[in-house]
Structures are given as structure tokens and as C-alpha cells.
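Take a look at the structure set out below.
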Amino acid sequence: MTTKIRRYTLKQPVKPQKQYRVHYEEELNSEQLEVVMAGDGPLLVIAGAGSGKTRTLTYRVSRLIEDGVDPSDILLVTFTNKASREMLSRVEQLVTIDTRRIWGGTFHSIGNRLLRRYAEPLGYRSNFSILDDEDAKEMMESAISSLGIKTLEKRFPKGDVLLDLYSFVLNTRTPLEIQLENEYPHFANYRDEILNVFRRYRERKKEANAMDFDDLLLNWKLLLDDHPELAEPLKRKFRTILVDEYQDTNKLQAEIIDAMSSVRRNVMVVGDDAQSIYSFRGASFENILTFPLRFPDTTIYKLETNYRSTRQILALANASIAANRFQFRKELQAVRGDGPEPAVVGVDDVFEQASFVAQRILELRDEGEKLSDIAVLYRSHYQSLELQMELSRRLIPYEIRSGVRFFEQAHIKDVLAYLKIVTNARDELSWKRMLKLYPKIGEKTAAEVWGRISTHTNPLDAFLRSSPATAASGARGTAGSLESARSVLRLISSESMKHNPSESIRLVVERGYADYARSKFPNAQARLDDLEQLSQYALRYEDVEQFLDEVALANPIAGEDTAVVGPEDEKIVLSSVHQAKGLEWRIVFVIWLADGRFPSQRALRVPGGIIRVDPARVHAELPLLEGTVEGTEPQELVIPGEEEERRLFYVAVTRAQQELYLVFPVMARDRGGMDVLMEPSRFVRELPGELYEKWVIDA
């Protein structure tokens with residue numbers, strides 16, 4: 001297989017004629033220097049992984065100030081306050097000015113600063129409060145309650161689920177009906193009620209003179225759209241606008257930047273289209289791809305010199321992203337020396353995968369590598385289950401960057417509570433946890449039920465024999481919920497199910513917990529994926545008690561008893577690829593590289609975005625789409641969902657500095673417990689064989 005590489009030749013930058021305090025030509029490479037010295041007008045900087053993006057932005061701000069731009073006329077938008085503080089601190093060191101005059105910060109912090117000045121035209125007072133997530137959730141639930149919606153009688157979405165839906169619709173400009181259809185079909189019948197809740201939520205915020213985080217953006221945009229007497233001076237205020245991590249912006253954020261820069265048109269956006277991986281959070285890949293269409297006089301720069309990885313890792317990374325049609329083509333070049341070839345490792349199943357990774361980590365530790373320099377990355381959090389268990393068994397300390405430890409998550413503990421009741425009917429905590437999962441059952445009713453059944457020799461038998469009328473005195477309307485709980489426990493307490501923990505887990509999920517999860521958690525599908533993997537994992541065990549013992553013994557490991565010698569805080573990192581973006585390690589393992597798992601089957605079914613183009617403009621202003629657009633009429637181009645998954649793989653491999661291991665299981669078990677053959681990920685199959693070593697595991 002041959003990889004097509006489109007060469008990009010940089011113009012040789014002219015050395016600065018002016019005498020600057022900062023020696024830019026000595027501090028920067030030629031690509032960075034060209035960006036720092038670029039003139040006015042819209043600029044798009046495609047900054048490859050490990051190419052010094054932050055350094056380039058920082059030095060451009062310094063150069064602008066040295067050229068006489070008033071710091072208060074500079075708007076620097078970042079995605080974290082930490083990034084903003086670091087950049088401004090470095091600028092202060094370079095040109096010794098008070099950087100507090102620069103308008104630097106996140107979209108939300110800058111929106112807050114502006115709205116303090118212009119709150120009244122929008123119907124707020126300047127001393128408005130900002131609701132944090134917990135406050136916003138409470139106000140959303142108050143809105144539900146004020147409308148008299150009987151949430152206890154039906155699976156109406158909880159406050160945090162509605163907040164997640166509300167935020168996504170606002171930030172992506174997606175109609176509610178479409179988002180319900182795509183992600184929340186189980187709530188489609190509640191559309192009108194949800195709209196009423198959203199309306200009441202907005203009213204309550206106004207009454208309380210409060211904004212949530214989304215309002216800081218939405219009201220900024222309303223200020224620009226609906227108040228021209230204020231918007232025009234605001235659009236002229238900033239001499240230059242710079243935006244970091246532009247590939248992660250959502251539609252609302254891009255609209256704000258477009259509007260703010262519409263008069264002066266001195267806007268520089270910096271990002272890497274090949275690292276756009278957050279569509280599930282509302283990020284719009286189209287923003288960076290179509291920037292030259294929205295600003296036809298854009299100058300495009302590329303930072304392709306990589307300071308992170310070896311030549312071998314970068315060769316594989318360049319080849320991995322080549323199959324994406326929708327991209328600004330670039331080729332990362334290594335500054336570091338050579339290293340070992342990346343390894344592609346096929347293993348029999350997920351248990352051998354875990355065993356190989358754990359063993360190789362111990363070997364690397366014996367070779368002198370620090371555990372803290374090693375990371376294991378995966379597509380979804382549930383894919384770390386077997387590895388967490390194996391690391392615990394081998395007493396290898398680890399930390400989770402993609403969430404809490406697998407068995408400490410609420411949804412895992414919820415489902416395991418049912419199994420614990422079956423094996424230990426006197427487990428009061430599990431009884432109360434299980435009962436409170438049902439509508440109309442709170443702490444008081446759960447305690448009353450437990451009080452009645454705990455006096456019996458076998459509380460489970462007592463609960464299964466009790467009638468709805470006597471299950472809890474004074475607990476009105478709980479009979480249906482208690483009967484639902486009773487029916488599930490009756491099923492999983494049968495003698496055959498006590499020897500089938502996998503099917504027991506699946507029954508708990510199918511007989512009610514899935515509905516509970518969808519109404520309770522914003523990321524319900526990811527949690528249900530976890531539970532499916534838990535069920536798969538439990539296939540190894542012959543009875544429920546043995547399975548629960550293994551889980552309990554795996555949980556306490558936190559690094560205090562380790563099989564390796566090193567600093568107390570030295571642990572390997574387990575992380576989803578999404579959480580790993582922006583980070584790097586000497587040694588990286590990427591696991592579960594099988595089609596349907598990475599790439600995710602669900603992600604492949606969803607389009608990766610839509611670009612609206614006019615063929616007459618494409619060839620002149622966006623040549624990357626040449627050969628893609630047919631005909632002469634304006635049209636919509638659908639970006640395949642596979643392309644974001646390939647970008648995710650690209651992000652994973654570019655986290656590695658020195659060694660890279662790509663691991664895939666050949667066999668996995670389906671829902672029926674049957675072994676099925678899995679294909680290696682298409683992202684592995686696409687790689688030219690000369691770019692990696694193939695490792696074979698001997699049993």
C-alpha cells in the first residue's frame with residue numbers, strides 16, 4: 001500500500017528588519033518565525049502535534065506588543081485558564097509589560113468580562129450571579145417541579161440530563177427535535193414538556209439575575225446580533241484576535257469569533273484539524289476546515305516540525321492520517337533522533353492483551369524506565385476493565401485519567417448491589433442502594449422496607465414473599481416500584497442464575513436499570529457499554545460469589561503495596577484517548593485496536609459533519625476539497641464518521657515519544673458467550689508494513 005504525501009513548501013521567511021528586544025529569529029524555527037512575523041488579515045495556522053503551537057502564539061503576542069499594539073487591544077482566547085495564564089506569564093517575561101491589560105482567557109471568562117459591562121441591555125444587572133453546574137442542575141430541577149411534571153411516575157430526564165441536552169442544543173445550534181431523535185429517542189414523547197422546562201429555566205435565571213456558563217456565550221452572541229449600537233464599537237475594539245485550539249470550537253464559539261473579527265478582520269486561529277476529536281461534546285470540525293471559505297483572503301501556515309516523537313513514530317502517524325479526505329495535508333518531521341520501530345501486537349483475547357501489557361510494563365521497569373513515563377490508551381473507558389484487574393493482581397500501581405476506577409463508578413456499584421443481595425441477604429447498604437433506584441423510593445422508604453425485612457432470618461425471602469400492600473407502611477404509590485424490584489431479584493436469585501453472574505448482570509440492566517441510567521446520567525450510553533463489558537468479563541466466573549470476591553479484592557489496590565520499587569507516587573497512566581490529548585509519554589500502549597471497538601461501531605454510523613460549499617469558490621479558496629466537489633450548484637458534503645475515529649487514532653499514536661505498541665485481540669466473546677473472530681482495526685490494516693514490527697506472543 002502506498003501512502004500519498006502532498007508536499008508543502010514553506011516560503012523562506014525574511015529576517016525581521018526592525019531591532020526587537022526579543023531575538024525571534026534565534027528563539028523560533030523558520031515555520032514558527034513566519035507565523036510570528038506575519039502581517040494583518042485572517043490567518044489560519046495548522047499546528048501539527050508537538051510543533052510548538054503555544055510557543056508560537058506567545059511570541060506572536062510579544063511581537064505585536066513590540067510593534068506598538070496596545071495590550072488592551074489584543075484578544076487572546078484559549079480553552080483553559082491555565083493555558084491563558086501560562087501564555088500571558090511568558091509574554092510578561094519577554095516584553096516586561098503588565099499583561100493584565102490583555103484580554104486573555106477562555107471563551108466563558110471573556111464573555112463574563114464583557115457582559116459585566118453590557119448586562120442591562122440584555123435584561124440583567126451587572127452584578128449577575130454565575131451558576132455552577134450544581135446550581136444550574138438545582139434550578140433546572142426547580143423548573144421541572146414548578147411545572148408539576150410527575151417525574152416519579154415516569155422516566156422523565158433528571159436535571160443534569162436536561163442540562164446536558166440544553167447545553168448541546170445551544171452550543172451546536174442543533175434543533176431540539178433532531179438532538180432528541182439522534183441521542184435521546186427514549187425522551188421524544190416528552191418534547192413539549194422539555195421545551196416548557198427549558199423556557200421556565202430561562203425565566204428563573206432572569207428572575208434570579210443569574211447566568212449559567214452557556215449564557216456567557218449565548219448572551220455575548222445576542223449582544224453582537226441584536227444590539228448594533230453596542231456591537232459595532234465592540235467589533236472595532238480589538239486590533240487583533242487570536243484563538244487557540246480552534247479545532248475544538250463549537251458552532252456558537254465560531255460564530256462569536258466570526259462576528260468579533262468581521263470589521264478589522266485581523267484574526268489568527270491556531271489548531272490542528274487532525275486532532276479534532278470532540279464532536280460528542282459539541283465541537284465542530286467544520287469550523288477549522290471552512291475557515292478559508294468564511295475568510296476568503298486567509299493565509300494558511302503550517303507548523304510541521306515535531307519536537308516530541310522519534311522519526312519512526314512520526315512516519316507511522318503521517319501514514320495513519322493519510323486516508324482522511326477532509327483535511328489540511330501536512331507531514332510531521334522529527335527533530336529527535338531515531339528510536340525503535342512501533343510494534344503491532346496481535347493477542348488471542350482481551351485477557352492475553354492485559355497480560356501482555358502488564359508483563360511488558362514490568363520488563364520496561366526492569367530496563368530502567370519510570371512507570372510515570374508509561375501510558376495505556378483506549379477508545380472507551382470500559383476497555384480498561386481487564387487491564388485494571390490484571391494490574392491489580394500483579395500489584396502494579398496505576399492511576400485513571402479517564403474517570404474513577406472501573407468498579408468505583410456509580411452505575412457499576414448500582415448493578416453489583418443486586419448481586420450482593422443475592423449472595424448476602426443481610427447487606428443493608430446494598431438493599432438501600434438497590435431500592436432507591438426505583439421511582440418514588442427515597443431514603444425514608446428504603447429504610448422502612450429494610451426495617452421490616454431485616455427482622456427475618458432471610459431478608460431476601462421475606463422481601464420476595466411480602467405483598468405490595470405490606471411492603472412499606474405509609475409508602476403511597478411505591479407498590480409498583482417494589483414489585484419491579486421483587487421481579488428482578490426473583491429472577492437472579494434462582495439456583496441457575498447464582499451460577500451465571502454474566503446473565504444476572506444483563507437481566508438487571510434489561511429489566512429496568514437501562515431506563516434508570518438513561519434518565520439519570522447524561523452519558524448513559526457509555527455507562528451501559530461499561531455494564532455490557534462487565535457482563536462479558538463475568539463470563540469467566542462460575543458463580544456470583546466467586547465473581548464478587550474477585551471484584552472486592554481488585555478494588556483496594558491504590559499503589560500502597562506494589563511489586564516494583566520506585567517513588568510512592570510513581571504509577572502508570574490509564575486514559576481514554578480523548579483525555580490524553582495534549583499530553584505525552586515516553587512509552588504508549590494503545591489497546592483494543594479491533595474494528596467495532598476502535599473505531600467504535602456506533603461512531604462509524606454517525607456522519608462526522610456537513611460542509612456547505614459553492615463549487616465556484618472551492619477550487620480557489622479551499623483546494624483541499626478539489627476532486628470532492630462535483631457539479632456547479634452549491635451543495636452539502638457529508639464527512640464520514642470514520643474520519644473522526646481516524647483522527648482519534650492519530651492523536652493516540654502522537655502521544656508517544658520513544659516507544660509505541662499497538663495491540664489488538666483476535667478473539668472476543670459476544671452477548672451469548674460465544675467466541676467470535678475480530679478483525680484488526682482498519683487503522684492498523686491501513687499502515688504500510690515497513691513502518692512497524694509485528695510481534696507474535698508465545699503462550
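Residue numbers count from 1 along this sequence.
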Only one of Tyr184, Phe198, Phe213 forms a ring pair (Phe, Tyr, Trp, His ring centres under 6.0 Å) with Tyr166, so which one is it? Phe198
With sequence neighbours left out, what residues match Val422 under side-chain contact (heavy atoms from CB on, under 4.5 Å)? Ile492, Ser493, Lys498
Would Glu255 and Lys221 pass as an ion pair if we require N to O under 4.0 Å? yes
Shortest non-hydrogen separation from Arg433 to Ala410 and the atoms involved: NH2-O, 3.4 Å
Point-to-point distance, once rounded to the nearest 0.5 Å, from CD1 of Ile256 to NZ of Lys251: 14.0 Å
Within a reach of under 6.0 Å around CD of Glu177, are more than 12 heavy atoms found that belong to other residues, nucleotides or ligands? yes
Phe156 ring center within less than 6.0 Å of Tyr190 ring center: yes
Output field: ring centroids His411/Tyr513 closer than 6.0 Å: no
Contacts of Asn189 that satisfy side-chain contact (heavy atoms from CB on, under 4.5 Å) - sequence neighbours left out: none
Verify whether one side chain among Gln275 and Asp272 offers a donor that lies under 3.5 Å from an acceptor in the other. yes
Distance to the ring centre below 6.0 angstrom and angle to the axis at most 45 degrees; does that hold for Arg647 and Phe326? no
Sequence-distant partners of Phe683, ring-ring contact (aromatic ring centres under 6.0 Å, His included), two or more places apart: Phe649
Over 12 foreign heavy atoms within 6.0 Å of CZ, Arg511: no
For Lys581, check side chain to side chain donor-acceptor pair (under 3.5 Å) against everything at least two apart and list the hits. Glu245, Asp248
With sequence neighbours left out, the residues meeting ring-ring contact (aromatic ring centres under 6.0 Å, His included) with Tyr418 are none
Only counting residues at least two apart or in another chain, list the ones meeting salt bridge (charged side-chain N to carboxylate O under 4.0 Å, His left out) with Arg518. Asp515
Quick one: sort the Trp431 and Phe463 rings into parallel, tilted or perpendicular, breaks at 30° and 60°. perpendicular
Any carboxylate oxygen within less than 4.0 angstrom of a Lys/Arg side-chain nitrogen, looking at Glu642 and Arg646? yes
May I ask you to check whether Tyr541 and Tyr537 place their ring centers less than 6.0 Å from one another? yes
